[in-house]
Amino acid sequence: MPPVAKRLRVGLFVTCLVDLFRPTVGFAAVKLLEDAGCVVEVPEGQTCCGQPAYNNGDVADAKKLAQNVIATFEGFDRVVVPSGSCAGMIVRHYPTLFEASDPWRRRAEALAAKTHELVSFLTDVLGVETTGAKYSGTVTYHDSCSGLRELGIREQPRKLLKATGAEIVEMKDSDVCCGFGGTFSVKYPEISGTIVDKKAVTIEASGAETLVAGDLGCLVNMAGRLSRRGARTRVRHVAEILAGMADGPAIGETRGGRK
Amino acid sequence: MKITSPDFERKASKALHDPMLQKALSNIEKGFIAKRIKAAAALPEFDDLRDRARDIKNHTLERLDLYLEAFERRVQAAGGEVHWAETPDDARAIIADICKRVGARTVTKGKSMISEEIALNEHLESLGLEPVETDLGEYIVQIRGEYPSHIIAPAVHLTKEQVADDFRRVHGHLDAKRDLTEPTTLLGEARTVLREKFIAADVGITGANFLVAETGSVVLVTNEGNGDLTQTLPKATIVLATPEKVVPTLEDVDTMLRLLARSATGQDLSVYTTFATGAKRPGDPDGPAEFHVVLLDNGRTAMLGTEFQDMLRCIRCGTCINHCPVYHVLGGHAYGWVYPGPMGAVLTPTLVGIDKAGHLPNASSFCGRCEDVCPMRIPLPRMMRAWRNREFERALNPAVTRFGLRAWAFLAARPQIYHKINRIASLVLSGLAAGRGRIRKLPFAGSWTSVRDMPAPEGGTFQELWKERRAASTTESSKAH
C-alpha cells in the first residue's frame, strides 16, 4: 500500500438511512475503501443530501442543504456514498440548483465531478476486481433506479458479488422500481405498497436466499414487504457482502434470526 | 373533458382493489415492453435517431410560427382550409359549423386525444349528431360510456370477456348465441358494424400524428385502416390537431416514423401510414370534397419559452405510460383526465392547472424509466419536479407536508442536533420493535406499515458508533506509544 500521503483522501457521506438504520453499511464502506488503499474520513458536519426537499418543491431548503454538503466535503480528493440515490443527487442534481452566475454553481460542479457511489467507485475509479471477501449462497440483485439510470450502475456490483463466490440468480425485471421513491412511499403508501408487492413476488420467484441492492431506502421498503408476506428471503446492502460483514443479522432480523 | 384529478387518491385506491382491472393491466407489461426492446435492438441507429428527432422538434419549436404559416399556405394550395382555434370552445364551434353546413347526421371519428380534451363527442351529440368512434379500442370505450385509459390503447383497462359482454349488450340485432371468445371474432363483429357507419358518414374527423409544413400533408398512422376510411369516404374531412404536431419536411416525418411505432408497440411501422394532402382534386376518383384542419392551441404555445417547452416534442407514442410502474398498477382512469402516466403528469397541469392536477406530478417515484425510453428524450421527471416546485411556491400542497419539510430541513441544517435526533429516532424505533427485527405498525405513519413492515434499526447510529470506534483506536494507539 502506498504511504498515507499518497493515498486518496475520501470523505464518506454516510446518508441518513445508513446512519439511522444500518451502521454496518457505513462500517462496510469504510472497510472496502480502506482495503482499497484510501484514507477514509467521516466529517461530522454532514447530515442529509436534501432529496426530500428537492423532490417536494422546497428549492430553498434543498439549496441550503446542498451548500452544507458542498462546504463539508469539497476539501476531499473524492466523496463516496453507499447509495446511488444520494450520490445521484450530488452528481446530477446539485449543479442544477444554482444559476450559472452563482459562485456555488462552480463549487457544486466541482463536488459533482469527484463524488461517486461506493461500488462503482471501487470498480471504475480504483480498478478493484475483487474485494477479497468470501460469500457462499445465492443472491438476487435489485437495480435501484437512481444508481441505474443516473449513474449507470449495473454490472459493477454483479462483478464484485461474483468475485466473492456468491451465485447470482437474476430476478425478473430487476430494473423496475420497487415503489419506494423516498417521500413517494409516504405520500402514496397504497400505490407504493402495490408496487413493492409486485417486486416482492419477483424476488421470491427468483428463489435466491438473499436480496441485495445498493440503496438502503429500497432495501428497507423491500425487506418490509417481504417480511409482511412471510417470505424467507434475507435482505442486505451489497457493501455488507463485499466487505465480508454479512455474518450479522440481515435487515429486519435480530441476532437470533427472524422473530 | 370533466376533470377528476383532485379525486386521484380515492380513484387510485379503487383501481388498486379492482381485480378485473389488475388482470387487464398485466397485459401491458407482458406486451409492449419486450416488443419495444426487440424493435429498438434491431435498429442500430435507434439512439441516434432519438437525438435527430429531438433536434428536429427543437428546431421547429423555435420557429413554430413560420412553420405553421407555411403549413397553412400549403393546405390552402391543396384546396383545404386551416382554422385557428385558441380554446376548446373555439374548436367545438368551428367543427359544429362545418357539420351543420354539410348537413351532417353521422360523423365518423378516428382516434384523437384532442377530441377527448375538448369533449367533442358530447358536444356533437348535444347538437343531434351521431359521432361514431372507429378505432376498435375507442369504439369499445364509447359504447361503455367511458373514455380512453391509455393514449394508444384506449381499452387496455378491459379484458376481452368484458368487451364480449358489451358487444352482446349493444349489438342486439345479432344472434345472442354467437361465440365471442376469440379476439378476432370481436374484431370481425366491430368491423361489420362499423362498415355501415363509414358508408353513412357525412363528416369524418381524425387527429394527426404529424403536419408537414413542406407539403401541407397530414400524416396519420393506424393499425386498423379506420383513419383512411374516416378521411376518404365522407363529404368533408376534419383534422383536429395541435400546433406542435408540425414538422418541416417529409424527410423529418421519416425520422419520426422510424421511432414512433417502435417506441409505441414495437412494430417497425404501424400497419397504415397515410399522407393526406388537401381535398379531392378534379379528376380524382374519390376523396373528400372539403378538407379542414382545425389547429387547437389550448395552452400549448404558452408552454413555449417555459421550463415545460420540451414537453411539446412529445409524439404521443405512449411508451412512457407503457413503462411506468405507477401506471402499471393504476391504469389510466385514476389520473382523472385525458392524458395518463408520466406524459400526462407533465401535460395535464399545463392544460387544466396545477391546482387541480397537483397529484399527477407527485404520484411518481422518480424512477426515471420514462425518460430512459422516451424517443424524443423528454426530461419527464425534471418537469414533474418543476410542477412540484410551482406547487410549493404557491403553497398548494398540504400544510402538514410543508410544515414537515421546513421543520426537517431546519434540523438537517444543524448537524449536532440532527445527529442527536437520529440517535433518539433509532432508540424509539428499536423500542417499537420490542426485540423483534421489525415494526408491524408505525404510529403516525400507519398507512406505510399497512402494507409492509418497518425493519427495525440495528441499534446505535453510525455517527455515534464511529465516534466510539475512533476514540477507542486513539486510546489504543496512545497506549502503544
Side-chain angles (χ1 to χ4, degrees), chain A residues 14 16 18-24 26-27 42 44-48 50 52-59 61 64-65 68 145-146 149-150 176-177 179-181 184-198 220-221 223-225 227-228 235 248-249 251-254 258-259, chain B residues 9 12-13 16 29 325-326 328-330 362-369 371-372 385 388-393 397 401-402 405-406 408-409 411-415 418-419 422 425-426 429 435-438 445 447-458 460-463 465-467 469:
Chain A
V14 184
C16 306
V18 167
D19 188 48
L20 173 61
F21 275 96
R22 201 134 176 102
T24 297
F27 288 114
V42 183
E44 263 190 74
Q46 63 179 294
T47 60
C48 172
Y54 181 63
N55 288 335
N56 287 289
D58 185 357
V59 183
D61 280 324
K64 211 186 291 169
L65 295 174
N68 179 50
C145 300
S146 305
R149 300 197 182 84
E150 293 187 336
V176 174
C177 181
F180 177 62
F184 169 74
S185 69
V186 180
K187 290 190 286 188
Y188 301 99
E190 214 184 351
I191 300 174
S192 160
T194 308
I195 298 174
V196 72
D197 183 61
K198 288 171 73 178
V220 161
N221 183 43
R225 184 57 203 166
S227 116
R228 183 63 60 91
V235 182
I251 295 170
E253 292 185 4
T254 56
R258 184 168 293 158
K259 280 190 197 167
Chain B
E9 281 170 301
S13 181
L16 294 172
E29 284 178 86
V326 175
H328 289 161
V329 298
L330 295 184
N362 278 286
S364 160
S365 66
F366 279 158
C367 79
R369 213 177 176 202
E371 180 175 359
D372 221 33
R385 190 179 286 110
R388 298 187 192 184
N389 293 351
R390 291 202 179 184
E391 208 186 18
F392 193 88
E393 276 165 27
N397 43 1
T401 309
R402 303 173 62 77
L405 276 175
R406 282 267 155 87
W408 162 82
L411 298 170
R414 287 158 181 78
Y418 196 73
H419 294 155
N422 259 4
S426 169
L429 288 171
R436 291 183 302 273
R438 56 195 191 274
S447 42
W448 206 90
T449 44
S450 67
V451 279
R452 73 210 112 190
D453 297 336
M454 170 66 86
E458 271 182 312
T461 67
F462 179 77
Q463 289 282 359
L465 295 171
W466 176 253
K467 256 197 215 167
R469 192 168 111 168

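So that the names make sense, note that chain A is the first sequence line, chain B the second, and so on, each numbered from 1. The shown structure was predicted, so the numbers you read here are calculated from the model rather than taken from an experiment. FYI, side chains are in, hydrogens and waters are out, and symmetry mates aren't considered; it's all heavy atoms of this structure.
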Name the region of B:Asp372, side chain, backbone, both or neither, that has any atom closer than 4.5 Å to a heavy atom of chain A. side chain
Can you say whether B:Ala445 sits under 4.5 Å from chain A via the side chain, the backbone, both, or neither, judging by heavy atoms? neither
Applying ring-ring contact (aromatic ring centres under 6.0 Å, His included), name anything that partners B:Phe462, two or more places apart in sequence or on another chain. A:Phe27, B:Trp466
To the nearest 0.5 Å, what is the distance between CG (A:Asp197) and CZ (B:Arg452)? 10.5 Å
What I'd like to find out is whether the side chain of B:Cys367 reaches to under 4.5 Å of the side chain of A:Arg149, using heavy atoms alone. yes
Can you say whether B:Gln463 sits under 4.5 Å from chain A via the side chain, the backbone, both, or neither, judging by heavy atoms? both
Selection from A:Ser185, A:Ser146, A:Gly179 maximising heavy-atom pairs under 4.5 Å formed with chain B: A:Ser185
Could you measure the distance from the NZ atom of A:Lys198 to the NE2 atom of B:His328? Nearest 0.5 Å is fine. 6.5 Å
Contact origin within A:Glu150 toward chain B - heavy atom pairs under 4.5 Å: neither
Okay, B:Arg406 and chain A: the region with an atom under 4.5 Å from a heavy atom over there is both
Are A:Phe184 and B:Val326 close enough that some pair of their side-chain heavy atoms sits under 4.5 Å apart? yes
Trace of the side-chain contact (heavy atoms from CB on, under 4.5 Å) decision for B:Glu9 with A:Glu190: CA-CA 9 Å; B:Glu9 281 170 301; A:Glu190 214 184 351; over 6 Å; no
Proximity breakdown for B:Leu465 and chain A, heavy-atom pairs closer than 4.5 Å: both
When rounded to the nearest 0.5 angstrom, what distance separates CG in B:Asn397 from CG in A:Asp58? 9.0 Å
Please give me the minimum heavy-atom distance between A:Lys64 and B:Ala413, naming the atom from each residue. CD-CB, 4.5 Å
Can you tell me how far the CD atom of A:Glu44 sits from the NZ atom of B:Lys467, to the nearest 0.5 Å? 4.0 Å
Part of A:Val220 within contact of chain B (heavy atom distance under 4.5 Å): both
Step by step, would you call A:Tyr188 with B:Asn362 a side-chain contact (heavy atoms from CB on, under 4.5 Å)? CA-CA 9 Å; A:Tyr188 301 99; B:Asn362 278 286; 3.5 Å; yes
If we define contacts as heavy-atom pairs under 4.5 Å, which of A:Cys16, A:Gly45, A:Pro52 has the most with chain B? A:Pro52
Check B:Ala412 against A:Cys48 and note the closest heavy-atom contact, atom names and distance. CB-CB, 4.5 Å
Where does B:Ser450 contact chain A at under 4.5 Å (heavy atoms): side chain, backbone, both or neither? backbone
Identify the two heavy atoms, one from A:Thr47 and one from B:Pro415, that lie closest to each other, and give their separation to 0.1 Å. CG2-CA, 3.5 Å
How close do B:Leu429 and A:Phe21 get, counting heavy atoms only, and between which atoms? CD1-CZ, 3.9 Å
Looking at CG of B:Leu405 and OH of A:Tyr54, how far apart are the two atoms once the value is rounded to the nearest 0.5 Å? 14.5 Å
To the nearest 0.5 Å, how far apart are CZ in B:Arg414 and CG in A:Asn68? 10.5 Å
Portion of B:Arg369 that has a non-hydrogen atom of chain A nearer than 4.5 angstrom: both
Verify side-chain contact (heavy atoms from CB on, under 4.5 Å) between A:Cys145 and B:Phe366, making sure each step is shown before the conclusion. CA-CA 8 Å; A:Cys145 300; B:Phe366 279 158; over 6 Å; no
Contact winner vs chain B - A:Val18, A:Asn55, A:Thr24, heavy-atom pairs under 4.5 Å: A:Asn55
A:Leu20 and B:Ala425 have their tightest heavy-atom pair at CD1-CB, 3.8 Å
List the atom of A:Pro23, the atom of B:Thr461, and the distance in Å for their closest heavy-atom pair. CG-C, 3.8 Å
Go through A:Cys177, A:Gly224, A:Gly248, A:Gly181 and name the one with the most non-hydrogen pairs under 4.5 angstrom from chain B. A:Gly224
Heavy-atom distance under 4.5 Å to chain A: side chain of B:Thr401, backbone, both or neither? neither
